[in-house]
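Accompanying notes for the structure given below.
In what follows, every heavy atom counts, from backbone to side chain, and hydrogens, waters and symmetry copies are set aside. None of the values given here were measured: they were computed from a predicted structure.
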Amino acid sequence: MGIYLNPGNDGFQEAVRSSIYVDKTELIACTNKLICTKQKYVCVSRPRRFGKSMTLEMLAAYYSCGCDSRALFAKRKIETADSFLEHLNQYDTIFLNIQQFLLETKNQPLTEYLEQEVMEELLETYGTYLKRQDIGLAAALRKIFIKTNKKFIFLIDEWDCVMRERPDCEKLQKEYLDFLRNLLKDQPYAALVYMTGILPVKKYGEHSALNMFWEYSMTDQYMFEAYTGFTEEEVQELCARSGMDFDETGSWYDGYMFRNWKHIYNPKSVAAAMVCHNFSNYWTSTEVYDALKIYIDMDFDGLRTDIVQMLGGGRTKINTRSFRNDLCNLCTKDDVLTLLVHLGYLGYDPETEQAFIPNKEIMMEFENAMSTGGWAEIMRILKASDQLLEYTLLCSEENVARGLDEAHMEVSSILAYNDENSLGCAIGLAYYSARKDYRLIREFPAGHGFADIVFLPLPHTDKPALIVELKYNKTAQAAIDQIKNRHYTQALKGYTGDILLVGINYDKSLPDKPHSCMIEKISL
């Protein structure tokens, strides 16, 4: 076994021995189908904390020659696949952590240092087939393949760190991408290339420097959806095993979604919560919020409005296709929002092409990022939201209306009240702090229609549920009547306790006191 050539199964052994391990070995059945096909070039991009390196360690343990991993995969899900034994420990595997090479390179060019390190191990194993030792890596692998007919599997971690950590070094980036293209594209010795990073493949002009890769990113993971994070079923099992509440786990760490899997959880944060037996923001343990602040402070037309809408529980339509997959060429708000999707700060619905803030953990990251800088009016609304919720629970209608008036004055320069949807975003923002004790759901299916906003109390609270109906240029009484006439309370079937029916109207003809409120309490 080597560091780069056939690294063995030690890394995967550590993973399965950990107190929190979720079996994702079925992913191997997906990659087995791609071996020696036109789809063998795989680029899987995900945010930090989403298990990219652990996946590569699993693939290295499965494919690498020179070790016997049969016992390690025994009773794992992949063992039942027809292709399990066919590919188990059958390939020379080259494992490259690009970030490691970038950190260790000093005055030497990155690609030259990488070739030097890998060639040293390659010569130890295949030196008898190579007459020249000054040969390049791609040429050496071609000669080995010609003389042995052995194909290689390439596993590349942090493939995009050159673009992320050297964003201004265009020359270095192009040399690196040209090196990867020469090493991998159309090479007969490549049986499978699986590389991971945070960003999809960087584009130059109309073409990608690595256009042979199939992209699996946070905008669409295709067949890798279930392996991107923890699924709902996996989290339910972990919660049962750890004695943690499943609903609260969802409010903290759920929210990522794809075409077929609508509930994908942040795996690192879920595992940390299970181990620590505490719901908290584990995102900041691996990344400071400064990076998020840089992007949301960018002065692109409409960006601040979209951020405020999402803070209020709304969604915003984005065009992900203009993003050039780097950190320098951000030209529009869509570029910024697409980057935040890839970084994990936003969820994305590929069917509606809408972005949103996925959960409480990420909401806290936005709050931290906005705590300094040009978001003073938003921070005042967030700080006042505790008092607004208290007034609501006390059924103090006049104080609720007054609090909404004040919040409207703060946000009016950013978010215009044009309809009930924008009103809903503003109301969601005004009740921001309620997320500590509630799960806020916009457009909740209820009775004969959709309630505008429903606040479902989390299990640890002793608070009533709230059904909020919004009206624009009508009356608060009309909002209450709609809740009753359309039987919105039926949506809370199974819930026992108090429910507050909250009707809110915004009348634009009353600039001084545009909001009115009615609150009724019922019990189930």
Side-chain angles (χ1 to χ4, degrees), residues 251-256 281 283-284 289 291-318 333-334 336-341 343-349 354-389 392 403-404 406-444 452-455 466 468 470 504 506:
S251 73
W252 274 95
Y253 313 118
D254 187 14
Y256 301 96
N281 181 1
W283 190 277
T284 52
Y289 60 78
L292 175 60
K293 175 175 170 52
I294 291 171
Y295 300 122
I296 66 174
D297 283 347
M298 288 184 171
D299 191 21
F300 292 122
D301 183 44
L303 178 60
R304 288 171 67 83
T305 299
D306 287 347
I307 296 294
V308 170
Q309 285 182 332
M310 291 187 288
L311 282 169
R315 294 183 169 204
T316 187
K317 188 104 171 176
I318 64 172
K333 70 170 184 177
D334 284 329
V336 175
L337 296 175
T338 302
L339 174 59
L340 295 181
V341 170
L343 295 176
Y345 288 112
L346 293 177
Y348 178 73
D349 185 339
Q354 292 177 319
F356 52 91
I357 298 176
N359 52 49
K360 187 187 298 187
E361 183 178 47
I362 300 302
M363 194 75 74
M364 292 175 68
E365 288 300 292
F366 274 88
E367 184 179 350
N368 290 337
M370 292 187 303
S371 61
T372 59
W375 298 84
E377 64 274 70
I378 303 302
M379 293 307 299
R380 285 194 289 270
I381 295 174
L382 302 190
K383 290 177 181 177
S385 62
D386 274 327
Q387 185 66 67
L388 182 65
L389 178 61
T392 305
L404 293 175
E406 293 171 357
H408 172 238
M409 291 297 295
E410 294 283 8
V411 80
S412 59
S413 62
I414 302 175
L415 183 64
Y417 276 25
N418 297 320
D419 50 29
E420 289 182 14
N421 179 59
S422 57
L423 176 60
C425 292
I427 300 302
L429 185 65
Y431 281 100
Y432 176 85
S433 68
R435 291 171 174 84
K436 291 184 295 186
D437 298 318
Y438 288 91
R439 184 182 174 200
L440 185 154
I441 306 173
R442 294 279 306 276
E443 297 295 323
F444 188 74
D452 286 327
I453 311 175
V454 170
F455 294 80
L466 280 67
V468 181
L470 310 173
I504 296 172
Y506 173 77

State, yes or no, whether a side-chain contact exists between [X] and [Y] at a heavy-atom distance under 4.5 Å.
X    : Y    : result
F366 : L346 : yes
Y256 : N359 : yes
Y506 : L404 : no
V308 : W375 : yes
R380 : E377 : yes
V468 : F455 : yes
I307 : L337 : yes

Shortest non-hydrogen separation from [X] to [Y] and the atoms involved:
X    : Y    : result
C425 : G314 : SG-CA, 4.0 Å
A369 : I296 : CB-CD1, 4.0 Å
L303 : Y295 : CD2-O, 3.6 Å

Just jot down the salt bridge (charged side-chain N to carboxylate O under 4.0 Å, His left out) partners of D254, sequence neighbours excluded, or say none.
-> none

List in chain and number order the residues that pass salt bridge (charged side-chain N to carboxylate O under 4.0 Å, His left out) with E367, two or more places apart in sequence or in another chain; answer none if no residue qualifies.
-> none

M298, CE: over 12 other non-hydrogen atoms inside 6.0 angstrom = yes

Counting only heavy atoms not in R439, do more than 12 fall under 6.0 Å of its CZ?
-> no

Determine the interplanar angle of the W283 and Y345 rings, folded into 0 to 90°, and report it as parallel if under 30°, tilted if 30 to 60°, perpendicular if over 60°.
-> tilted

Donor-acceptor pair, side chain of D306 and main chain of T316, under 3.5 angstrom = no

